[in-house]
Amino acid sequence: MARSSPVETTTIGVLGSDWRASVTPTGAIEYGNDERLDWWVAADDRWHDPAVEATVRQACLGGTPVVETRVRVPQGDVIQRVYAVADHGGFTILEFENASPLPVAVALGPADLAFVRPPSTGAATGIELPAGSTVHPMGHRSVIRIGLRHRGGSNEPLPADLPPVLAVQRGWETQVRRAGRVVLPDEAWVDAVTAARCEVALVGLDDPTSDPVRFLLGAHELARLGADVAPWVGEIATAAERIARSGSFGWAEDRALLAAGAMFAADDDHRAVADVERLRIGAGARRSAALAVPPGITAVAWVEDQLARPRPGAVVDLLPNGVPSGWEGQNFEAHGLPAGPAHRLSYAVRWHGRNLAVLWELAGPGPLTMTASAVDPTWSSSEPAGEGLLRPA
């Protein structure tokens, strides 16, 4: 599944490399020093410019930085997929699929491109293209791949052994699942979590002064992905204090303080963990969460908050807003959820008629009590692992 078209650009790149680019909502690639790679499609009827076509649809496959843009042509679509790979010095791959029964041609603006086969030598008719543009004829139901070089300086053809699109998508999914994994009836929630983690891994952290909430949530996700929190300890403390002094305490601020506590716990700073928990208690009752998945890094905290809400006092509340609409009768599971500053919770739900069988496993020091106040207020458990039956009223 894929998330719906973004209103902003999508960052693509390769971890371990500083090369980054942005894919616009119409499939243009912005990179380098104000460089831009546009594309056009010549179909049976006319030239189609994705920058102005009303039929353009875009998705990030599985929430990963693999961007698919579709343009309607007679009897089908021309599909562009854009993603970055590290192989052979680094390429951004532009894969084009002619998903129509008629031949088309794809034109690309001037750039340092590598081809499997050379572009057409004939002049494009019916459109005025920028100097240095290339045109690539495509048969019906065919696929071509073109590479934008990250480093330049070569006239070699596009290597044949670059990873295919599905391998890149699966690689990103595997990478971000190190932070936790959810298997949910609403795949848009899953994709939003993946997209947020990919974005922070590629783009980095928000400024802790101007947006301490997003800074803490982003830093926590990077820590869950394996980053060392030690260099951020001072900024984490400052951001937590800024939130506590702000006078505004909603669900996102609560999750940000929880993230700060978790990072202090990972750094074995137990005094700082206790200080953050006091800040959470002192802030009082928080406002309820947003009604829909928010954009950006807060999406992870929002989804996890719907599944398990850590409360001060070593309590974690499962499904604190109840079973989401449309999930009744559908099994789901979540792994590695924050259940407190130093606790992680994995659980699965299997339905028995109207009742929910919950299988769980807790990891972390000391006791922790699980409740399910919105589903079955009579149920609780302090066992580190087990199975229970929630009976909704």
Side-chain angles (χ1 to χ4, degrees), residues 5-6 9-10 12 21-61 66-85 88 91-160 162 164-165:
S5 300
T9 61
T10 300
I12 61 172
S22 297
V23 182
T24 73
T26 56
I29 303 172
E30 298 174 340
Y31 64 101
N33 296 317
D34 297 324
E35 296 176 274
R36 179 182 171 106
L37 178 56
D38 287 294
W39 64 299
W40 302 264
V41 178
D44 188 57
D45 56 341
R46 59 182 175 85
W47 280 93
H48 297 252
D49 183 354
V52 297
E53 292 288 335
T55 63
V56 170
R57 296 93 70 207
Q58 189 177 85
C60 292
L61 302 185
V66 177
V67 187
E68 181 179 273
T69 307
R70 292 173 174 259
V71 177
R72 175 66 64 180
V73 296
Q75 302 185 48
D77 286 332
V78 171
I79 307 167
Q80 177 216 58
R81 301 182 186 95
V82 178
Y83 57 95
V85 299
H88 298 279
F91 284 92
T92 289
I93 303 300
L94 298 93
E95 179 180 281
F96 296 96
E97 178 182 352
N98 178 11
S100 82
L102 301 173
V104 300
V106 171
L108 294 172
D112 185 11
L113 300 175
F115 314 107
V116 175
R117 62 176 184 266
S120 171
T121 57
T125 58
I127 188 174
E128 185 174 343
L129 298 174
S133 297
T134 56
V135 179
H136 308 266
M138 297 184 64
H140 67 281
R141 312 294 183 190
S142 64
V143 176
I144 62 172
R145 291 210 298 173
I146 297 166
L148 172 64
R149 294 185 180 91
H150 292 178
R151 300 306 175 197
S154 172
N155 293 318
E156 296 295 320
L158 185 69
L162 295 175
V165 61

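Note: hydrogens, waters and symmetry copies are ignored here, and every other heavy atom, side chains too, is used.
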Are the side chain of Asp77 and the backbone N or O of Ile79 linked by a donor-acceptor pair below 3.5 Å?
no

Using a 3.5 Å distance criterion without hydrogens, assess whether the side chain of Trp40 forms a donor-acceptor pair with backbone atoms of Ala105.
no

Does any N or O in the side chain of Arg70 come within less than 3.5 Å of the main-chain N or O of Val56, such that one atom is a donor and the other an acceptor?
no

Val71 vs Trp39, side chain to side chain contact (heavy atoms under 4.5 Å, CB included): CA-CA, chis, key distance, verdict:
CA-CA 11 Å; Val71 177; Trp39 64 299; 3.6 Å; yes

Specify the closest pair of heavy atoms between Ala114 and Phe91, including all atoms of both residues, with the distance to one decimal.
CB-CE2, 3.9 Å

Measuring only between side-chain heavy atoms, which start at C-beta, is Val66 closer than 4.5 Å to Val165?
yes

Just one of His136, Met138, His140, His48 clears the side-chain contact (heavy atoms from CB on, under 4.5 Å) bar with Val104, so which one?
Met138

d(Leu158 CG, Ile146 CD1) to nearest 0.5 Å is 9.0 Å

Show the nearest heavy-atom pair for residues Pro164 and Arg145, with the distance to one decimal.
CA-NH1, 3.9 Å

Between Leu94 and Val106, is any pair of side-chain heavy atoms under 4.5 Å apart?
no

Between the side chains of Glu97 and Arg81, is the shortest nitrogen-to-carboxylate-oxygen separation below 4.0 Å, so that they form an ion pair?
yes

Would you mind reporting whether Leu148 and Tyr31 have side-chain heavy atoms less than 4.5 Å apart?
yes

Establish, from distance only, whether the side-chain atoms of His150 and Thr92 form a donor-acceptor pair under 3.5 Å.
yes

If every non-hydrogen atom of Gly27 is compared with every non-hydrogen atom of Thr69, which pair is closest and at what distance?
CA-OG1, 3.7 Å

Can you tell me if Trp47 uses its side chain to pair, donor with acceptor, with the backbone of Glu128 under 3.5 Å?
no

What is the minimum heavy-atom distance between Asn98 and Pro103, and which atoms define it?
ND2-CA, 4.0 Å

Checking the side chain of Glu95 only, and the main-chain atoms of Glu68 only, is there a donor and an acceptor separated by less than 3.5 Å?
no

Grab the two heavy atoms, one from Glu53 and one from Arg46, that are nearest each other, plus how far apart they are.
OE2-NH1, 2.8 Å

Please walk me through it: do Leu102 and Val73 pass side chain to side chain contact (heavy atoms under 4.5 Å, CB included)?
CA-CA 9 Å; Leu102 301 173; Val73 296; over 6 Å; no

Side chain to side chain contact (heavy atoms under 4.5 Å, CB included) between Gln80 and Val41, worked out:
CA-CA 10 Å; Gln80 177 216 58; Val41 178; over 6 Å; no

Test side chain to side chain contact (heavy atoms under 4.5 Å, CB included) applied to Val85 and Ile93, step by step
CA-CA 7 Å; Val85 299; Ile93 303 300; 4.3 Å; yes

Going from CG on Leu113 to CG on Asn155, what distance comes out if it is rounded to the nearest 0.5 angstrom?
11.5 Å

Hey, could you give me the OG1/CG distance between Thr134 and Leu129, rounded to the nearest 0.5 Å?
9.0 Å

At their closest point, which heavy atom of Ser133 faces which heavy atom of Gly109, and how far apart are they?
OG-CA, 3.6 Å

